[in-house]
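Labels below follow one simple rule: chain letters A, B, ... track the order of the sequence lines, proteins then strands, and each chain is numbered from 1.
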There are 2 protein chains.
Amino acid sequence: MVAAGEAMESRIGRMCIERGLKMTGQRRVIARVLSEAEDHPDVEELYRRAAALDSRISVATVYRTVRLLEEKGILERRDFGGGRARYEATEDGDHYHLIDVDTGKVVEFEDAEHTALMRRIADRLGFELVSHRMELFARRKPATPVASDGAAAQRAAASKDESRR
Amino acid sequence: MVAAGEAMESRIGRMCIERGLKMTGQRRVIARVLSEAEDHPDVEELYRRAAALDSRISVATVYRTVRLLEEKGILERRDFGGGRARYEATEDGDHYHLIDVDTGKVVEFEDAEHTALMRRIADRLGFELVSHRMELFARRKPATPVASDGAAAQRAAASKDESRR
DNA sequence: ATAGGTGCAAATGTTTTGCGGCTTG
DNA sequence: CAAGCCGCAAAACATTTGCACCTAT
């Protein structure tokens, strides 16, 4: 196991240092929370988790930090509908999100074909793609009656719990 | 020309009547503004245009109307970033938007292939697609240096002015 | 007449900010 | 020590709503 020291820098904490950000206590805590998050928390939720580790943190700081990290390219802001922005650490390959309209759960998936398609479209219109976004809103299928299923499912899927609204 | 009577119902106005909505003066004006819009105005802008035709309209009513028409499927709400929701009349075929990150202009385009792809992806993950969204953020290309251009450009593109932010 | 619209202003919910004090590099 | 943070509370926005009149149907 990873001998949990105490002042050990989290993955995102290290990224902050790399970009020359001042590391305060609260920033370190928020960085840790973000590093450990496996879902797409909104600011309120990040605040809750951070405050649980160190109570001298205010929502304002969470907002400021999350904004800063987004500018630095460390975080990405998402909008899955429902008013508040959600955040997730920037990852390497492009991936997209499918939101279960009934439960609010988010399923991530990759699709290289798609990214290429977008670039091609922009190009055809005389533009250079800067960024893009795509979200699928869907409902779980009732269960495959009979038919050939077996190895039906998927590699890519990584369901995560986040039933809030 | 279409003899602009005065109480003549606009396209969206007619749709309201079809669905049994009460046609008040302000609703008629808003419907007309929406019918004539060729861009993707936000509520503030709709209010401006409507108030120019009939000053006894409040923003609250525009908000209420736009919300109602969205529920009735007459309008679609869009989010192109920048805080406020934008609206556009529901059209037949799916179309998507490319936002010029420098000017804010919106270019619409269609892509049947794409819609099918999404449905397939959802299906593969065990879901039934309810709706989806996709936006491209891009920058105009500097001009094709030499190479084969000529018939370079595009059919699909329909650029529209809306440089606001 | 009556269900439903409307204006106005107050309320909401999320995110930003001004400011004096405190911390990091 | 200077530049940059933080907490707090107020402010800023976009959008919604309660209430007391109006008005299409």
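- In this structure, Thr24(B) does not reach the dG5(C) phosphate: none of its side-chain N or O atoms is under 4.0 Å from OP1 or OP2.
- Formation of a donor-acceptor pair under 3.5 Å by the Arg27(A) side chain with backbone atoms of Thr65(A) is not found in this model.
- For Arg56(B) and dT6(C), the shortest distance from a side-chain N or O to OP1 or OP2 is not below 4.0 Å.
- When the P atom of dC8(C) is taken as reference, atom CD1 of Ile57(B) falls 12 Å away, rounded to whole Å.
- Per the geometry, CG belonging to Asp54(A) stands 13 Å off P belonging to dT23(C), to the nearest Å.
- Side chain of Ser35(B) to backbone of Ile12(B): a donor-acceptor contact under 3.5 angstrom is found.
- Taking a 6.0 Å sphere around CZ of Arg119(B), one finds it holds 12 or fewer heavy atoms contributed by other residues, nucleotides or ligands.
- The nearest heavy atom of DNA chain C to Thr65(B) and to Lys22(B) marks one nucleotide each, and the one closer to the 5' end goes with Lys22(B).
- His40(B) and Glu88(B) form a side-chain donor-acceptor contact under 3.5 Å, judged by distance and modelled atom types alone.
- Rounded to whole Å, the distance from CG on Asp42(B) to C1' on dC13(D) is 12 Å.
- Taking only side-chain nitrogens and oxygens, Arg27(B) comes nearer than 4.0 Å to OP1 or OP2 of dT6(C).
- Contact annotation: Tyr63(B) does not reach the phosphate of dT16(D) (side-chain N/O to OP1 or OP2, under 4.0 Å).
- Using a 4.0 Å cut-off between a side-chain N of Lys or Arg and a carboxylate O of Asp or Glu, Arg14(A) and Glu18(A) do not qualify as a salt bridge.
- Taking atom CG of residue Leu68(A) and atom P of nucleotide dT16(C), one finds them 12 Å apart after rounding to whole Å.
- The shortest distance between the side-chain N/O atoms of Arg64(A) and the OP1/OP2 oxygens of dT16(C) is not below 4.0 Å.
- Across the protein-nucleic acid pair, Leu46(B) atom CG and dT15(D) atom C1' stand 14 Å apart, rounded to whole Å.
- For Arg67(A), whose side chain is taken as the heavy atoms from C-beta onward, the closest listed nucleotide among dT15(C), dT16(C), dC8(C) is dT16(C).
- dA3(C) atom P lies 18 Å from atom CG of Leu21(B), rounded to whole Å.
- One interatomic measurement links the two molecules: OH of Tyr47(B) to C1' of dC8(C), which rounds to 11 Å at whole-angstrom precision.
- Nearer the 5' end of DNA chain D, as judged by each residue's closest nucleotide, is the contact made by Gln26(A), out of Gly83(B) and Gln26(A).
- Atom CD1 of Ile17(A) is separated from atom P of dC5(D) by 14 Å (rounded to the nearest Å).
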